[in-house]
Amino acid sequence: MLNKKNLVIYSQIIEKGLISLVFFLPLIFSPYLNDVFSLPKTCFFIFFLLILGTAWLIKTIEKNILPVISLKTPLNIAVLFYFLNISVSSLYSTNTYISFWGMYLFYFEGFICLSGCIFLYFLIINNLSFHKIEKIISFLLTGGAIVALYGILQHFGIDFVKWFSSPRERVCSTLGNPNFLGAYLIMLIPLTLSRIIKKMKIYYLFLLLLLFTCLIFTYSRAAWIGLIGSIILWLILTRKILLFSIPKKLFYLTGIIILFIIIFLSFYKFTPRKNLHSNILSPVIERITSITNLKEQDIASRLSGWKSCLKMIKNNPLLGMGQDTFGINFRRYMSPSYETFSRRNVNAGYAHNEFLQIIVTRGILGIIIYIFLLFTFFKTGIKIIKKTDLSLTYSTKNSDQKSGQLYHPCLEIKLLTSGLMSSAAALLIQNQFSFSILTTSVIFWLLISFITIIEKETSHNPVAENKESPMFSPVRIKLTHFLNLKAIKYPLYSIIGITTTILILFTFRIYQADRYFKSGMFLAAQKIYDQAIEKYKKAVQLNPYQAIYHQNFAKVYQDKALFMRNNKEKKLTLNQSIIEYKKYIKFIPQNALGYNGLGVTYVYLGKLDKRFFNSAVINFQKAIMLDPNFIEPYTNLGSTYYLQGNSKLAISTLKNSLKINPRVALTHFNLGIMYALEKKNQKALDCWQNALTIDPNFTDAKIHLDTLKKTIEKGGK
């Protein structure tokens with residue numbers, strides 16, 4: 001017999017858990033971690049998925065019914081294909097470790113987070129009904145108000161957090177990046193507009209003002225373009241509602257727009273502009289006009305990166321390189337011009353174009369499935385809008401004359417669906433010039449699940465009723481056909497509880513590991529190496545799967561060895577560095593940084609025992625093979641050849657480095673040192689002068705240049 005009281009409790013846990021997730025996820029960050037924004041949000045997301053999943057599983061067992069996914073719902077089919085695609089992409093990836101966990105500092109494209117979003121989709125459509133959607137959106141918008149308000153305060157120099165970096169002109173609020181913040185805000189604006197038309201409450205007008213103002217202060221051109229596209233779509237979808245509304249409402253809406261413009265101008269009039277022109281609108285005008293300037297640094301770097309993407313696609317066009325592996329493969333295919341527009345040794349983690357990103361990582365098959373998902377989503381939304389009875393758009397009998405609220409169910413469905421579709425469109429347009437994060441990805445999947453619920457409930461009744469309508473087929477499979485639940489029910493609950501607890505503790509370990517990692521980085525920067533090593537040890541013990549921890553751990557052993565006088569202890573310390581570098585390479589063998597760092601350690605050992613120089617050469621050559629644009633391995637390889645007594649090969653290596661990138665001052669300096677040792681004074685002078693031309697503050701180059709000039713003047717050799 002069903003325990004209805006327990007079922008109600010589990011349903012409430014799911015509902016309140018979803019509300020907490022959408023409200024707090026954008027707000028979560030931790031200055032105590034090295035990864036201030038992404039990791040706290042990811043841990044928070046996983047924690048709530050475990051709670052929600054446990055509640056749903058127990059609820060399913062209590063009902064004694066095994067749900068079966070309905071293939072009559074088009075979006076279910078599209079989502080299942082999407083899940084199959086990311087699974088195959090992760091399994092056959094060039095780096096299964098990265099594909100499973102996701103890139104450090106991002107995570108959102110890893111299999112864990114993406115499959116978590118898909119799980120969230122099925123959880124929502126099977127536990128929520130139409131009337132619950134509005135409640136969740138209300139909390140989503142409330143969280144957005146807090147995020148936007150914080151961003152506005154940041155713009156005016158008011159912040160509650162003591163950030164290690166200096167304040168920036170572009171605000172990032174709790175999202176960590178102005179572009180990420182812009183993407184989040186533009187997803188909320190269409191939903192807010194729908195609420196304004198439906199309810200005309202001061203709160204939503206104030207919310208729209210907050211969102212819009214904060215969006216301006218992000219200076220995110222991609223977000224501005226996304227907002228324009230989404231507003232156009234929203235106006236098209238709601239045009240009949242707007243036309244049927246009484247003139248008073250249209251006048252009211254026009255007044256809102258004028259108010260925005262006035263407040264916007266006021267903000268810029270009284271905002272201190274330290275580094276920009278005195279013109280009130282110059283910062284915005286500069287950003288807008290730069291959109292068409294293909295030579296502008298950010299735009300030029302993106303165009304160069306997109307060209308590199310085409311080379312990557314040719315490598316594996318059908319299945320791609322693997323989920324979230326763009327960042328570890330990009331530099332092998334990178335055009336040299338990319339570093340010119342960006343900066344030396346920069347690495348693009350993502351393509352800054354969602355379609356190119358998917359083709360590179362999941363192949364042509366992946367982009368076809370993704371387009372199918374988007375097509376199904378928008379087709380379903382349009383179908384809902386067309387089904388709604390337009391003749392009941394507005395009626396004085398069905399409206400509150402005093403408040404002006406439109407509450408007819410048909411209008412509610414139309415406005416909500418239009419807001420959901422426009423919100424998704426905002427992110428899609430923005431992502432053609434940027435990329436998602438976990439927060440915007442979760443909201444995107446919320447939108448898909450909400451459309452699925454609305455479509456299902458309106459397919460039987462054009463006016464959504466307050467009743468549950470699960471997205472499973474009508475045929476139910478009782479678990480008792482397979483199992484004797486009376487005998488194993490409570491042991492099963494114990495297993496579920498223990499498993500959930502273990503996974504939650506594991507998630508907490510990942511969070512705690514990054515705290516130790518940040519402490520280790522701080523101590524290493526202060527050259528307090530012994531304490532830094534202890535912190536790094538704790539970090540890798542708590543999370544041995546994070547490659548960057550091993551990389552920094554290896555580097556601190558390397559740095560410590562330089563200050564050691566006892567050769568025996570120095571050798572032991574350098575051996576520890578080798579162990580950690582090899583662990584790093586094991587996790588990410590595609591990254592040239594690991595081989596270059598390992599080669600440097602072998603150079604230090606080679607100064608104690610020349611036999612290690614050969615190992616250094618091998619690792620530098622591997623680094624060059626993996627990343628032909630990475631200059632440091634060339635410089636290190638040239639220096640190693642010189643230490644081996646092969647000056648001709650050393651000079652040749654450095655010359656090859658300058659052919660790839662002639663704008664590296666250090667390479668010119670090292671080449672000058674070698675020429676000076678070879679008594680080729682004029683060539684040495686030319687190299688050091690080139691180094692100073694590139695970097696006028698290069699003190700060592702200036703000292704060597706002046707010293708050699710004086711020596712030559714005195715007739716020295």
Side-chain angles (χ1 to χ4, degrees), residues 26 141 144-145 147-152 154-155 168-193 196 207-236 256-268 271 273 276-277 279-303 306 350-355 419 421-437 439-440 443-444:
L141 296 178
V147 171
L149 179 59
Y150 182 34
I152 293 170
Q154 281 183 334
H155 177 78
R168 292 171 290 181
E169 189 70 32
R170 301 174 62 192
V171 302
C172 60
S173 188
T174 60
L175 278 298
N177 182 287
N179 294 328
F180 300 160
L181 175 59
Y184 170 72
L185 295 172
I186 63 175
M187 294 187 78
L188 302 186
I189 288 176
L191 297 172
T192 306
L193 285 171
I196 289 174
L207 172 61
L208 187 60
L209 175 62
L210 285 177
L211 297 175
F212 180 77
T213 304
C214 187
L215 176 63
I216 294 297
F217 292 157
T218 65
Y219 297 105
S220 175
R221 294 167 296 190
W224 293 349
I225 295 172
L227 177 65
I228 293 171
S230 67
I231 295 301
I232 292 173
L233 177 61
W234 182 83
L235 289 172
I236 292 172
I256 295 169
I257 296 172
I258 295 173
L259 180 63
F260 278 173
I261 295 173
I262 294 173
I263 295 175
F264 167 67
L265 293 174
S266 299
F267 270 132
Y268 275 96
T271 302
R273 319 301 297 175
L276 297 171
H277 302 303
N279 190 318
I280 295 173
L281 292 176
S282 61
V284 177
I285 293 173
E286 285 178 4
R287 295 292 287 178
I288 293 174
T289 55
S290 67
I291 292 175
T292 58
N293 181 11
L294 300 183
K295 294 183 180 181
E296 194 268 339
Q297 185 176 355
D298 289 341
I299 295 176
S301 65
R302 276 167 172 70
L303 292 174
W306 293 347
Y350 297 92
H352 288 84
N353 179 284
E354 191 166 40
F355 289 167
M421 294 174 65
S422 302
S423 177
L427 181 67
L428 292 174
I429 295 171
Q430 194 264 0
N431 278 354
Q432 302 318 304
F433 312 97
S434 185
F435 53 92
S436 289
I437 55 171
T439 301
T440 52
I443 296 174
F444 178 74

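For the side-chain contact (heavy atoms from CB on, under 4.5 Å) test, residues two or more places apart in sequence or in another chain that qualify with Ile228 are Ile232. Residues satisfying the ring pair (Phe, Tyr, Trp, His ring centres under 6.0 Å) criterion with Tyr350, sequence neighbours excluded, are Phe106, Phe108, Phe435. Annotation: side-chain hydrogen bond (donor to acceptor under 3.5 Å, both in side chains) contacts of Asn431 (sequence neighbours excluded): Ser436. Ser173 pairs by the side-chain contact (heavy atoms from CB on, under 4.5 Å) definition with Val147, Tyr150, Gln154, Leu181, not counting sequence neighbours. Among residues two or more places apart in sequence or in another chain, the side-chain contact (heavy atoms from CB on, under 4.5 Å) test is passed with Ser434 by Asn179, Gln430. Applying the side-chain contact (heavy atoms from CB on, under 4.5 Å) criterion to Ile429, with sequence neighbours excluded, gives Ile225.
The shortest heavy-atom contact between Ala183 and Ala223 is N-CB, 4.2 Å. Residues Trp306 and Gln432 approach most closely at CZ2-O, 3.6 Å, considering heavy atoms. When all heavy atoms are compared, the tightest approach of His155 to Tyr219 is CE1-OH, 4.2 Å. Of all non-hydrogen atoms in Ala222 and Phe433, the two that sit nearest each other are CB-CB, 3.7 Å. Shown here for Pro190 and Ser422, the closest heavy-atom pair between the two residues is CB-CB, 3.6 Å. The minimum heavy-atom distance between Gly182 and Thr218, with the atom names listed, is N-CG2, 4.1 Å.
Rounding to the nearest 0.5 Å places CG of Leu235 at 9.5 Å from OG of Ser230. The CG atom of Leu209 sits 11.5 Å away from the OG1 atom of Thr192 when rounded to the nearest 0.5 Å. Note: Leu141 CG to Ile189 CD1 = 11.0 Å, rounded to the nearest 0.5 Å. For the atom pair SG of Cys214 and OH of Tyr184, the computed distance is 10.0 Å after rounding to the nearest 0.5 Å. Separating the CD1 atom in Ile216 from the CG atom in Leu211 is a distance of 12.0 Å, to the nearest 0.5 Å.
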> Please walk me through it: do Leu427 and Ile186 pass side-chain contact (heavy atoms from CB on, under 4.5 Å)?
Replying inline: CA-CA 7 Å; Leu427 181 67; Ile186 63 175; 6.0 Å; no

> Checking side-chain contact (heavy atoms from CB on, under 4.5 Å) for the pair Leu207/Leu188: CA distance, chi angles, key distance, verdict?
Replying inline: CA-CA 10 Å; Leu207 172 61; Leu188 302 186; over 6 Å; no

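The side-chain contact (heavy atoms from CB on, under 4.5 Å) test with Phe180 singles out one residue from Thr174, Leu185, Leu175, and that residue is Leu175.
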